[in-house]
Structure formats: structure tokens, C-alpha cells
Amino acid sequence: MHPIPALPWIVTGNHWLSLPCIHPADASVHCVGMLHRGSRAAIEFAGHADFMAGTGPALAQPVLRVNGEAVPLGASGLAWERALEWLPTFTATVGDLVVRGTVFAPTGRDADGAGFVYALAVENRGRFPAEIALALEGTLGHRQQRVRTPRPFDDAARAEATPDGLVLLEGAALPGVAALAWCADGVATTRVTDGAAPRYAIGRAFTAAPGASHDVAFFCAAGPERDAARASALVLRRRGWRDLLARTRDALRGLEQSTGHEGRDRVMMRNLLFGYFFAVGRALDDAHFYCVRTRVPWHAAGVTVRDADALLWTLPAVQLADAGLAKELLLRLCELHGYAPGQGTAYFDGTLFEPGFALEGVAAYPIAIDRYVRDTEDDPIVEDAVVGDTLYLCHDDLQARRHPSVPLYATDVTPAGEPAPHPWTLHANAAAAFALEVFTRTLDEESAKDVADAATVRQAARKHFVRKGPGGEQFAPASDLLGGQAGDDLAGASLGWLPQFEFCARTDATYRRTMKALAARPVTTLTDQCARLMGPDADEVLEWLRRAPLHEGFAAERVEPDGRASANGGDATLACLLAYSIWYATNAVGAGGGTTGGRKREG
């Protein structure tokens with residue numbers, strides 16, 4: 001587990017670029033991240049090696065000069081807002097000037113690309129004209145490759161000003177893996193200072209008459225090498241920041257969902273968009289989509305991924321907002337990870353990172369495929385070759401884990417990657433039973449005859465995973481099938497999810513007693529709180545979530561009882577689970593004053 005950053009960083013980005021470190025005090029950008037398929041890692045450009053502390057030079061900082069004098073932009077404080085829960089904007093007052101800024105990574109039709117825009121506007125409310133110069137100044141002091149832990153590049157950093165007014169940032173070694181290019185929306189002055197940490201500046205100047213407003217935009221684009229970055233930056237400039245912003249706003253509105261409760265919607269949408277852009281990314285060097293745990297640089301899991309997390313946490317939220325992307329991700333997950341389902345933690349390209357068999361990782365493929373078909377009515381997807389192969393492989397792997405005499409299935413680790421206290425866990429077998437039902441509908445007729453009976457598995461589970469509790473029978477999370485049972489809920493495998501696997505109803509007496517016992521324990525993980533949304537305490541948990549600070553409003557793996565994040569903040573995959581669970585509890589279960597049978601709001 002990694003600690004929560006000391007600074008309340010402002011976060012935004014798109015599928016290409018992540019901007020996890022925008023400083024709230026001066027609106028400077030300290031880090032730009034991107035995925036690189038060839039490296040199986042995130043590549044991050046920053047102003048300083050200790051960029052997460054926010055104390056070193058920034059990668060890009062807005063600088064205002066009035067009548068030739070530099071004026072600190074954040075001297076009187078910046079008032080931040082987040083448009084559509086994803087677009088950070090700020091307002092600052094500097095004497096008679098009002099400065100407004102927006103940082104956004106374009107997304108949507110004819111806008112999506114490996115770049116971001118820093119737009120600034122100055123309004124002169126004084127009685128006299130003012131000579132204004134607006135610039136972005138920064139330092140390329142650090143570049144790193146990160147899977148889970150950062151490793152700095154050992155070649156020299158380079159900054160170059162081109163004759164046509166661009167600034168290029170890259171490493172000296174060839175072949176490079178990434179480069180950035182800056183340009184402005186008009187004729188700009190550029191300056192580069194060489195050194196071990198080269199500095200650069202790009203800016204524009206104008207006269208602001210009394211009552212007049214002027215705006216300046218700076219475009220930053222990334223590419224696998226400098227020529228691609230330069231070309232992409234010029235494309236952004238040609239499209240114009242206003243058009244890019246309008247298209248981005250339209251795209252974000254198209255992702256909006258509703259529970260009918262303003263406070264709840266705010267939590268849901270902030271996490272839905274964070275997960276949509278930070279649990280899913282497009283690699284700079286092949287443009288394909290990949291699922292990762294999270295793209296923020298302070299989470300212990302980094303950009304690795306477990307197939308159950310991607311299929312059961314990320315995919316439902318993406319599917320809620322964007323069924324087209326959900327289909328693409330489902331096919332990509334089957335293609336990259338489905339050849340060895342459930343085998344452990346993987347790099348985002350499917351290569352095994354850490355072995356550890358989780359039965360839920362196998363069951364997650366048929367469950368996710370079934371959920372996609374039921375929600376979209378896209379039945380032909382099961383005829384896709386890669387989906388069909390994945391289903392048959394999952395069935396074979398599931399059967400290989402069956403106990404020789406008891407119709408239950410073994411696992412080595414929990415979905416969180418921790419060793420299971422006993423090989424047979426209730427969460428895994430509930431998922432397995434659901435998967436068996438899916439196999440009967442998706443495998444060919446002859447193969448379907450060999451599928452084990454899901455009802456028999458559930459019956460055996462009720463025999464081996466029930467224990468006596470203070471108020472009657474409760475479910476036990478794990479068993480050795482010889483009478484030994486584990487007492488504590490398992491990490492990432494809460495018994496609260498049993499109704500989601502159609503193992504039992506929410507009204508089941510044993511389930512309700514189990515959830516009552518779990519609710520009496522102190523809150524330590526956000527995952528368990530999401531699981532409680534499926535049970536009888538959903539109303540209480542929805543209110544807790546509405547008030548919980550989390551990690552600047554985003555999901556964190558570990559939380560305090562009052563909802564403050566304590567470790568592994570910025571968990572984008574968990575943010576997807578949180579957003580979907582809030583939507584489901586309100587619109588499907590009817591918790592918190594919602595109505596069952598609710599549907600997502602169309603974009």
C-alpha cells in the first residue's frame with residue numbers, strides 16, 4: 001500500500017494522456033503520463049524527480065507579466081471548479097485583471113488525441129490599458145518508466161525550440177519511446193535554456209484595453225518520437241481550443257448517468273469519469289486500448305491488471321456510459337488475457353507479471369460476456385472467434401479445479417491476490433456457479449451437455465459455507481471441506497457480492513445475518529463498502545458515500561471509518577466499481593429512494 005500524496009492534486013486527462021499532478025496553488029502541471037505498449041509501462045515526463053511532492057520545478061507553469069513585471073498567478077489564491085466533474089478550471093484576481101484558466105485533454109469525435117490544452121483568458125477591469133504577456137514556462141527535469149515502481153531514464157533530457165515556434169521535449173537516446181511538443185494558438189516567442197534539466201518558455205503578448213478580454217491557448221501533444229509529437233500539436237492548433245473544448249464537453253455529457261440525487265450523482269460521475277479515463281488507456285505506440293489498475297503514479301498496483309478486476313469492476317462502469325468502448329475492451333481482454341484466464345496479475349498487454357490462480361478470474365470472462373449480451377442485446381458477440389475460444393478455455397480451466405468428490409472449485413488466491421485461507425471460498429464458487437449457467441447458454445450444444453449443474457454447486461456451497469452465528473446461520477467465506485472454516489471476510493471477495501452472482505436473493509435470511517455481522521466491523525476498505533450496497537444496508541452506505549471525502553472525491557483502496565482515504569488513493573479500477581455500484585444500488589435495487597428497473601440516461 002502506498003500513502004496518500006500530501007498535496008491535493010487536481011487530476012484530469014483522456015485515454016491517451018494522464019495529467020495526475022496539477023498544482024492547486026499555482027495551476028502548474030508537474031507530470032504528463034502515457035502508456036507505452038513496447039515497454040509494458042507508463043512513461044512519465046515531469047519537472048523534477050520528486051514531482052509528487054510538488055516542491056520542485058514544474059513541467060509547465062503559467063506565468064503572467066503585466067507591464068513587464070512578473071506577477072504570481074496564485075498570490076491571492078485560485079478558485080477552482082470542475083466542469084462536468086472532469087474539466088478543471090480556475091479563476092484568479094491579479095490587481096485589475098481577472099485571469100481564467102482551463103486545462104483539458106480533448107476527447108470525443110474528431111477531438112480525441114494524444115494531447116492536452118492549457119487555455120488562459122485575461123479580462124482587464126481597470127481604467128487603463130495593460131501590456132500583458134502570458135507564457136508557459138517549465139523544466140524537463142525527469143523522465144521515468146513505471147510498471148509499479150519508477151525507474152528513471154538514464155539518457156540526457158533535451159529541449160529544442162524550432163524555427164516555426166514550437167518547443168520539443170525528449171530524451172537524447174535513440175530510439176526514444178516518447179516525446180512532447182508545445183505550440184501556441186498564434187505567433188509565439190520561445191526560449192530554451194540547455195542543461196541537465198533544460199528549461200523552456202513559450203508565450204504570447206498583447207495589449208489589454210480597459211474592459212477588454214483576451215485569450216491565449218497552448219497545445220501540448222505526445223508522440224512515440226518528436227516528429228509525431230510535433231505533427232499532433234499542429235493538428236490540435238489547427239482545430240482550435242474552442243472547438244476542442246466544445247467537442248470534449250459534448251462527449252462528457254454523452255457519458256452522464258443519473259440516480260436522481262444530486263449529491264449521489266456527483267460522487268458517481270466523478271468516479272465514473274476518473275475510471276473511464278484512468279483505468280483504461282490507449283498506448284502511445286500502437287493506439288490500442290488497454291485496461292490497467294490506475295494511471296496515477298502513487299498507487300502500489302501501478303499499471304498492472306488482474307482480469308477479474310478489469311472484467312467485473314472496470315467493464316460494467318464503462319459499459320454503462322459507453323457500450324461501444326465496452327465491446328472493444330471485452331474483445332481486447334479476451335484476446336490479450338483470455339488465453340490464460342485467472343493465472344495472476346498481468347502487465348496490461350497480457351504478459352504474466354505475478355503468478356497466482358484466482359478462480360474468479362476464470363469465472364469473470366463468461367460473467368462479463370453474459371452481462372454485456374444482456375445489457376446490449378449484442379448476441380452475435382459470442383460467435384466472435386476470440387470470445388468463443390475464451391469461453392471454452394474458461395470452461396476447461398474451471399473443470400480442472402473441481403474437487404474430485406464435492407461439486408465445488410478450488411482457488412489459490414483471492415481476487416486481491418492474497419493467499420486464500422482455504423482452497424474453497426464461497427465468493428469464488430458463487431462466481432463459478434454463475435459462470436456454469438452462462439456456459440449452458442453460450443457453448444455449443446454438445447459441449448453444453450458436459451457443463452456441471454450450477455444448482456448442485458450452490459447446494460454444495462450452502463452445505464459447506466454456512467456456520468452458526470449469534471443470531472442464526474451465516475455464510476462463511478472459506479472452507480477446507482472437512483469442517484474447518486475461515487471467519488473473516490476475504491480481501492476483494494466480500495460475501496456482499498453473492499446476490500450479484502445470483503447465489504441468493506438480497507432478502508435471504510442467511511445473507512442478511514451475514515451482512516449485519518459484517519456491518520458491525522470498522523470500515524477499512526472501499527471495496528467492502530461497495531459490496532454492502534448490494535445488501536440490506538444500501539441506504540446507509542449511500543449516505544456514507546455522499547459524505548465521504550475519499551481521495552479528493554476519488555476512490556481509494558483503504559479508507560478510514562469516516563471515508564477519508566488512507567492508502568492507495570486514485571484507484572481508477574475501484575472508482576469504476578464505486579460508480580457502477582452506486583448506479584446499480586439506486587436504479588436496479590431501489591436503494592436510497594431510487595426505483596427498481598431504472599435505466600441509464602442516454603447520452
**Message:** Less than 4.0 angstrom from a charged side-chain N to a carboxylate O is my criterion; do R247 and D250 meet it?
**Reply:** no
**Item:** Validation row: M268, W583 side chains within 4.5 angstrom (heavy atoms)
**Value:** yes
**Request:** Could you tell me which residues satisfy side-chain contact (heavy atoms from CB on, under 4.5 Å) with R65, sequence neighbours excluded, listed by chain and number?
**Result:** V63, A70, A133, E137
**Message:** A side-chain contact here means heavy atoms from C-beta on lying under 4.5 Å apart; do Q144 and F51 qualify?
**Reply:** yes
**Message:** Can you confirm whether L325 sits close enough to Y276 that some side-chain heavy atom of one is under 4.5 Å from a side-chain heavy atom of the other?
**Reply:** yes
**Prompt:** What residues, two or more places apart in sequence or in another chain, satisfy salt bridge (Lys or Arg N to Asp or Glu O under 4.0 Å) together with D96?
**Reply:** none
**Item:** Under 3.5 Å: donor-acceptor pair, side chain of Q257, backbone of L255
**Value:** yes
**Request:** Please confirm whether the backbone N or O of A41 pairs with a side-chain atom of R146, one donor and one acceptor, at under 3.5 Å?
**Result:** no
**Asked** In chain order, what residues pass the salt bridge (Lys or Arg N to Asp or Glu O under 4.0 Å) check against R266, with sequence neighbours excluded?
**Response** E262
**Asked** Does a side-chain N-to-carboxylate-O contact under 4.0 Å join R532 and D528?
**Response** no
**Prompt:** Quick one: CG on D243 to CZ on R238, what's the gap to the nearest 0.5 Å?
**Reply:** 11.5 Å
**Request:** Start with the C-alpha gap between W298 and C21, add the side-chain angles, then the distance that decides, and say whether side chain to side chain contact (heavy atoms under 4.5 Å, CB included) holds.
**Result:** CA-CA 11 Å; W298 51 77; C21 296; 3.8 Å; yes
**Prompt:** Do the rings of H23 and H30 sit parallel, tilted or perpendicular, given the 30° and 60° boundaries?
**Reply:** tilted
**Asked** With no hydrogens and no angle check, is any side-chain donor or acceptor of R199 less than 3.5 Å from a backbone partner on T139?
**Response** no
**Message:** Please give me the minimum heavy-atom distance between A251 and G108, naming the atom from each residue.
**Reply:** CB-CA, 3.6 Å
**Prompt:** Taking 4.0 angstrom as the limit, do E256 and R253 come out as a salt bridge?
**Reply:** no
**Prompt:** Checking D26 side chain against L73 main chain: does a donor-acceptor pair fall under 3.5 Å?
**Reply:** no
**Message:** Is the distance between the ring centroids of F277 and W86 under 6.0 Å?
**Reply:** yes
**Request:** Scan for ring-ring contact (aromatic ring centres under 6.0 Å, His included) pairs involving residues 92-137, sequence neighbours excluded, and state none if there are none.
**Result:** F116-W182
**Prompt:** At their closest point, which heavy atom of L84 faces which heavy atom of L273, and how far apart are they?
**Reply:** O-CD1, 3.2 Å
**Interatomic spacing from CD in Q529 to OG in S581 - rounded to 0.5 Å** = 11.0 Å
**Message:** Looking at N271 and G553, would you say the former's side chain and the latter's main chain have a donor-acceptor pair under 3.5 Å?
**Reply:** yes
**Prompt:** Would you say N568's side chain and H2's backbone share a donor-acceptor pair under 3.5 angstrom?
**Reply:** yes
**Request:** Name all residues meeting the salt bridge (Lys or Arg N to Asp or Glu O under 4.0 Å) criterion together with D285; count only those two or more places apart in sequence or in a different chain, and write none if there are none.
**Result:** none
**side chain to side chain contact (heavy atoms under 4.5 Å, CB included) evaluation trace for V32 with L19** = CA-CA 5 Å; V32 175; L19 301 173; 3.7 Å; yes
**Min side-chain heavy-atom separation R158-P198 under 4.5 Å** = no
**Prompt:** Distance from N14 atom CG to F278 atom CZ, nearest 0.5 Å?
**Reply:** 9.0 Å
**Asked** Within a strict 4.5 Å, meaning less than it, do heavy atoms of the F206 and V216 side chains meet?
**Response** yes
**Asked** Hey, is CZ on R109 packed in by over 12 heavy atoms from elsewhere, all under 6.0 Å?
**Response** no
**Prompt:** Are any of the side-chain nitrogens in R239 or D110 under 4.0 Å away from the carboxylate oxygens of its partner?
**Reply:** no
**Item:** Check: L180 and L140 side chains under 4.5 Å, non-hydrogen atoms
**Value:** no
**Message:** With side chain to side chain contact (heavy atoms under 4.5 Å, CB included) as the criterion, how do R249 and L245 come out once you've worked through the C-alpha distance, each side chain's angles and the decisive distance to 0.1 Å?
**Reply:** CA-CA 6 Å; R249 285 177 170 271; L245 181 58; 4.1 Å; yes
**Full working for salt bridge (Lys or Arg N to Asp or Glu O under 4.0 Å) between R82 and E85** = CA-CA 5 Å; R82 186 176 289 271; E85 299 298 337; 5.4 Å; no
**Whether R264 side chain and G592 backbone form a donor-acceptor pair below 3.5 Å** = yes
**Request:** Could you list all the side-chain hydrogen bond (donor to acceptor under 3.5 Å, both in side chains) pairs where at least one residue sits in residues 45-55, not counting sequence neighbours?
**Result:** none
